[in-house]
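Okay, so here's the structure we're looking at.
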Amino acid sequence: VQLQASGGGLVQAGGSLRLSCTASGIVFSFAAMHWCRQAPGKQRELVAFINTSSNTDYTDSVKGRFTISRDNAKNTVYLQMNSLKPEDTAVYYCYAWVYRTNYWGQGTQVTVSS
C-alpha cells in the first residue's frame, strides 16, 4: 500500500494551495480518507475527513477555508486550502482507514509566510 502526497510549498498569507494524495494497493472507494498536520513542537492533529459517501468534517480552525474532496476514479483525495494563515504551517499527511487499518502517506511541507 502506498499513499503519495504532493502539492505542498511556500505561500504568502492569504494564498492558496491544493494538496493531493494518491493511493495504490487498496480499493480506494472503500477507504475513509483523512488529512492531518503536524507543526513543529506540536501534536499531530486531524484537519479534514471524507468518508466513502463523501461526507466531510473539519477541525474548527480550518472550517470555511479548507475543502476536502475525493476522486475515486483517480484514487486521489484532495485538500484545497484557501485563505492560508501562518498558523497553518505544518507537515501535512494523508491517511486511509480501510480494512480496519490505517495506512499513512509521507508528509508534504506547507509553509505560510506572513
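Any value given below was found using the heavy atoms of this structure, including those in side chains, with hydrogens, waters and symmetry copies removed.
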What about Val1 and Val27, same hydrophobic cluster or not, with Ile/Leu/Val/Met/Phe/Trp/Tyr joined at side-chain heavy-atom distances under 4.5 Å?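 Shared cluster, yes.
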Quick one: do Met81 and Val91 end up in the same hydrophobic cluster if we chain Ile, Leu, Val, Met, Phe, Trp and Tyr together by side-chain heavy atoms under 4.5 Å apart?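 Unlinked, Met81 and Val91 end up in two clusters.
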SB check Asp60 Lys63 (cutoff 4.0 Å):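 So Asp60 pairs with Lys63 through a salt bridge.
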Could you pull out all residues at least two apart from Gln38 that satisfy side chain to side chain contact (heavy atoms under 4.5 Å, CB included)? Arg44, Tyr93
For Thr59, side chain to side chain contact (heavy atoms under 4.5 Å, CB included) partners two or more places apart: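 If we apply the side chain to side chain contact (heavy atoms under 4.5 Å, CB included) test to Thr59, skipping adjacent residues, the hits are Glu45, Ser61, Val62.
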In Å and rounded to the nearest 0.5 Å, what is the CG to CD distance from Asn75 to Gln2?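 Asn75 atom CG to Gln2 atom CD measures 12.5 Å (nearest 0.5 Å).
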At what distance, to the nearest 0.5 angstrom, does CG of Leu46 lie from CG of Asp57?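 Here the rounded value is 8.0 Å.
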CD (Glu87) with more than 12 external heavy atoms under 6.0 Å: yes
What I'd like to find out is whether the side chain of [X] reaches to under 4.5 Å of the side chain of [Y], using heavy atoms alone.
{"X": "Ile68", "Y": "Tyr58", "result": "yes"}
{"X": "Thr56", "Y": "Met33", "result": "no"}
{"X": "Gln80", "Y": "Leu19", "result": "no"}

Applying side-chain hydrogen bond (donor to acceptor under 3.5 Å, both in side chains) as the test, list every pair that has at least one member in residues 9-21; sequence neighbours left out.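 Sorted result for residues 9-21: Ser16-Asn82.
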Distance-only donor-acceptor pairs under 3.5 Å for side chains of residues 103-114, two or more places apart:
unit_1 : atom_1 : unit_2 : atom_2 : d
Gln106 : OE1    : Ala5   : N      : 3.3
Gln106 : NE2    : Ala5   : O      : 2.8
Thr108 : OG1    : Gly8   : N      : 3.1
Gln109 : NE2    : Ala90  : O      : 3.4
Gln109 : NE2    : Thr111 : OG1    : 3.3

Return yes if some donor-acceptor pair links the side-chain N/O of [X] with the main-chain N/O of [Y] below 3.5 Å, else return no.
{"X": "Ser53", "Y": "Asn51", "result": "no"}
{"X": "Thr101", "Y": "Tyr99", "result": "yes"}
{"X": "Arg65", "Y": "Ser83", "result": "yes"}

Locate the shortest heavy-atom distance separating Ala31 from Ile26; write the atom from each residue and the value.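 Looking at all heavy atoms of both residues, the closest pair is CB-CD1, 4.1 Å.
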Minimal non-hydrogen separation, Gly7 against Leu17, with atom names: O-CD2, 3.8 Å
Any chance you could pull the hydrophobic cluster mates of Tyr78, using side-chain heavy atoms under 4.5 angstrom and chaining through other members? none
Walk me through whether Leu79 and Thr67 qualify under side-chain contact (heavy atoms from CB on, under 4.5 Å). CA-CA 6 Å; Leu79 186 67; Thr67 302; over 6 Å; no
Quick one: ring pair (Phe, Tyr, Trp, His ring centres under 6.0 Å) pairs with a partner in residues 14-38, sequence neighbours left out? His34-Phe49, His34-Tyr95
Gamma sulfurs of Cys94 and Cys36 within less than 2.5 Å: no
